[in-house]
Amino acid sequence: MNEKELEERFVGLIDRYKQVIYKVCLIYAYDDDVLNDLYQEVLLNLWTAFPRFRGECKESTWVYRVALNTCITYIRKESTRIPTIPLMVDKDSVLDEQDEHGRLLRKMYQMISRLDKPERAILVLWLEEKSYEEIADVMNISKANVGMRLMRIREKLRKMSESNLFN
């Protein structure tokens, strides 16, 4: 495959999964600058790894793995990171905060950001309606472990919601 074909396939992949990538980044970002940095870093890692993607797993599983691993690594190494030029993400295209639904969605993301990194990863996959099997595959855990962790995550979020921290 020549470079032009590779580039066209990559652009198509990003177009199909840009909202997924954005949502994964949103879970780990605490402000818009970090969100944009994370998004850029995920795109860079996807582009770097794309020629080696052999299709041994679903395309979506691969994108989630790269995005989640990139975000976790980025946050872990943030203090030593060299500044980059951000690629801007139009968050309004994903989260419309002008209506009540958008405000509630933003509050939900704020609560999710208080979860630990593996919990956030599992929850974002579940919110994207991935099956327990797909979540287990991405996270490299058992399906039973996915169910147990989701139950605990829901309980944590319920307690956060009841504590009125985000109302």
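The first residue in the sequence is number 1, and the count goes up from there.
- At distances below 3.5 Å, at least one donor-acceptor pair connects side-chain atoms of R16 with backbone N or O atoms of G12.
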Passes side-chain contact (heavy atoms from CB on, under 4.5 Å), I141 versus V146? Steps please. CA-CA 7 Å; I141 60 177; V146 170; 3.7 Å; yes
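- Of the candidates I112, V24, I153, R120 forms a side chain to side chain contact (heavy atoms under 4.5 Å, CB included) with just one, namely I112.
- When atom types are taken as modelled, the side chain of N69 and the backbone of R65 share a donor-acceptor pair closer than 3.5 angstrom.
- Although no hydrogens or angles enter the test, the distance criterion places no donor-acceptor pair under 3.5 Å between the side chain of D137 and the main chain of E133.
- Between I122 atom CD1 and L127 atom CG the span is 12.0 Å, to the nearest 0.5 Å.
- Comment: R158 engages E162 in a salt bridge, judged by a side-chain N to carboxylate O separation of less than 4.0 angstrom.
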Only pairs under 3.5 Å count here: list side-chain donor-acceptor contacts from residues 46-55, not counting sequence neighbours, and write none if there are none.
from: T48; atom 1: OG1; to: L44; atom 2: O; distance (Å): 2.8
from: R52; atom 1: NH1; to: T48; atom 2: O; distance (Å): 3.1
from: R54; atom 1: NE; to: E56; atom 2: OE2; distance (Å): 2.9
from: R54; atom 1: NH2; to: E56; atom 2: OE1; distance (Å): 3.0
from: R54; atom 1: NH2; to: E56; atom 2: OE2; distance (Å): 3.3

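- By the 4.5 Å heavy-atom criterion applied to side chains, C25 and V42 are counted as neighbours.
- Within the 4.5 Å cutoff, the side chain of V34 has heavy atoms near those of the Y74 side chain.
- In this structure the side chain of M139 reaches within 4.5 angstrom of the side chain of L68, judged on heavy atoms.
- The side-chain contact (heavy atoms from CB on, under 4.5 Å) test applied to K58 returns S60, T61, E134, not counting sequence neighbours.
- Under a cut-off of 6.0 angstrom, the local environment of CD in E3 is sparse, with at most 12 non-hydrogen atoms contributed by other residues, nucleotides or ligands.
- When the shell of 6.0 Å around CG of N140 is examined, it contains 12 or fewer heavy atoms from other residues, nucleotides or ligands.
- With hydrophobic clusters built from ILVMFWY side chains whose heavy atoms lie under 4.5 angstrom apart, M148 does not share a cluster with L150.
- Judged by distance alone, the side chain of R152 and the main-chain N or O of E119 form no donor-acceptor pair under 3.5 Å.
- A donor-acceptor contact shorter than 3.5 Å links the side chain of Y28 to the backbone of K117.
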